Number of protein chains: 2
Amino acid sequence: MEVVNIEEPNIPASIAVAWGLRDRPGKGPRPGLSLPQIVQAGLDVARAEGLAAVSMARVAKEVGVSTMALYRYVAAKDDLLDLMQDAAYGQPPEAPADKDWRGGLTEWAWAILHALRKHPWVLQIPVSGPPLLPNQIAWLERGLTCLGSTGLAESQKLSVVMLLSGYVRQWASLSIAVGAAGPDQAARYATTLARVIDPVRFPAVSAAMAAGAVDDEWDGGDAEFVFGLDRVLDGIAALTHARP
Amino acid sequence: MEVVNIEEPNIPASIAVAWGLRDRPGKGPRPGLSLPQIVQAGLDVARAEGLAAVSMARVAKEVGVSTMALYRYVAAKDDLLDLMQDAAYGQPPEAPADKDWRGGLTEWAWAILHALRKHPWVLQIPVSGPPLLPNQIAWLERGLTCLGSTGLAESQKLSVVMLLSGYVRQWASLSIAVGAAGPDQAARYATTLARVIDPVRFPAVSAAMAAGAVDDEWDGGDAEFVFGLDRVLDGIAALTHARP
DNA sequence: GCGTATCTGCGTATGATATACACAGATCTA
DNA sequence: TAGATCTGTGTATATCATACGCAGATACGC
């Protein structure tokens, strides 16, 4: 079972593997591991010790194999990370059929946020390209479905869904980074900034800090998320009204 | 010149350094290097060979010093990356005073996009926290200033600016990733996806692909960027109308 | 002017990392 | 049964960040 597929030469191996495009010749000995097993081990390590601890050696130890055995299932570490990311997103929840597009997308955005909060390390994986793995496609499907009744063009639907998922990802990234630092650490940041930022050179930032917008109110809570989410959805609503 | 500052124990060293909070005791020999010089060398390497090539050894060779000499100026590689990121953003362009908030923010978003296109490797640096370095604060200042006349609350202004900058960053990330793959590679992706995606399981995605939304039209051009940007700005406009 | 503390730059060492390569044994096909 | 092929493994290599200590240069206190 070689990981590279001869018939699909220019596809990243991780994608081919994830979609199950593999010849199973069954010549040699039965594989003792399975790809989901390895990916799950990666998830466990990432969850317990962070993404930085996810090395091939560490994952191999987790499944009880030698380091190099993993390379029989995964062409490179980046592929494993891609697969871990897809597994972390998981399958999107089923769409309740009785919602309008706005309610559906709101729920969809919340579901993404929950997935990212459950697996914060996903945000540390550098973006390697457009979403192409099965679960990511499933989330995309689910988002596009919400826009089915709006009459938008297909390319517009796609842009809207990408815009929204980008917002969630971006917001989660910031919120988790601040949350991971801890409230006292964040407070120290704020006081330091307050001392360092020149009110003459940065009057608007100073005003925001003086109004407590930067730190005091910023609990990383859901209110801020809803605010941005509503802004984006309002923008989409304006578009649907313009094109009935 | 030790990099850690004793009086500010809990501040990341990179921030203290970037803001010039350093004691200059002037006891030992004059430093032969300067921090901007090192950061510039990092930029050069990243520009020419990508972020992955930016190692301490490579940067040191670039400035003509030994590897360990860099650690007299930077506490860790992450600090260097933070400083490189701030240098890549550079100073925001001056705000033309005769623009309304929407025009101002539009121009601001475009300026960010241009900076990111000029330094695509910035998008590969994992987000370590809220923007705290001088140039990033300057961009924040510039964005907040655009909203000065809207009467929004300070916390709302901040959320809006973060929302917008997040969108730009997200979009640039996707667009650059697709662009870096090259058009032929992207076309191969699309054909592979078309074969792999089950129209029964993913009808909406299939419809989008059939309509050519995924690949044919997606040139990563400016039209897609403007579309999402206008959505976000429409959402903000709705807010300002609701609160005059 | 002099001693001394202190800073700079450097060479070396260490531990972690991804991954290439070749081999032994297991398994299926002919 | 013979050969092809796949699996798991050990070893080797190259790269990386960075800790540590040393030699020389410099400026301050006297």
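Remember, predicted model here, so these are calculated numbers, not experimental data. Values below: all heavy atoms of this structure, side chains included; hydrogens, waters and symmetry mates excluded. Letters A, B, ... are given to chains in the order of the sequence lines, protein chains preceding strands, and every chain is numbered from 1.
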Colleague: Distances for protein N/O vs nucleotides 16-18 of chain D N/O pairs under 3.5 angstrom?
Modeller:
from	atom 1	to	atom 2	distance (Å)
D:dA17	OP1	B:M56	N	3.4
D:dA17	OP1	B:K77	NZ	2.9
D:dA17	OP2	B:M56	N	2.9
D:dT18	OP2	B:Y71	OH	2.9
D:dT18	OP2	B:K77	N	3.0

Colleague: Heavy atoms, side chains only, cut-off 4.5 Å: are A:L140 and A:L158 in contact?
Modeller: yes

Colleague: Contact between B:E49 and B:R58 at the side-chain level, heavy atoms closer than 4.5 Å - yes or no?
Modeller: yes

Colleague: Would you kindly give the CG-to-P distance between A:L51 and C:dT17, to the nearest whole Å?
Modeller: 12 Å

Colleague: Nearest-Å distance, CD (B:E49) to P (D:dT15)?
Modeller: 13 Å

Colleague: In terms of ring plane angle, is the pair A:W121 and A:H119 parallel, tilted or perpendicular, where the classes change at 30° and 60°?
Modeller: perpendicular

Colleague: Is there a side-chain contact between B:Q85 and B:L133 in this structure, where contact means two heavy atoms from C-beta onward sitting under 4.5 Å apart?
Modeller: no

Colleague: Please round to the nearest 0.5 Å and tell me the distance separating atom CE of A:M84 and atom CG of A:L81.
Modeller: 6.0 Å

Colleague: Taking the side chain as everything from C-beta on, heavy atoms only, tell me whether B:V161 gets closer than 4.5 Å to B:W108.
Modeller: yes

Colleague: Would you please test B:K61 and B:D44 for salt bridge (Lys or Arg N to Asp or Glu O under 4.0 Å) and show each step?
Modeller: CA-CA 12 Å; B:K61 178 191 281 187; B:D44 294 342; over 6 Å; no

Colleague: Using 30° and 60° as the class limits, which term best fits the ring planes of B:Y167 and B:F225: parallel, tilted or perpendicular?
Modeller: parallel

Colleague: Roughly how many Å is it from CG in B:L70 to P in D:dA19, rounded to a whole number?
Modeller: 14 Å

Colleague: Between the protein and nucleotides 23-27 of chain C, list every N/O to N/O distance that falls short of 3.5 Å.
Modeller:
from	atom 1	to	atom 2	distance (Å)
C:dT27	O2	A:K27	O	3.2

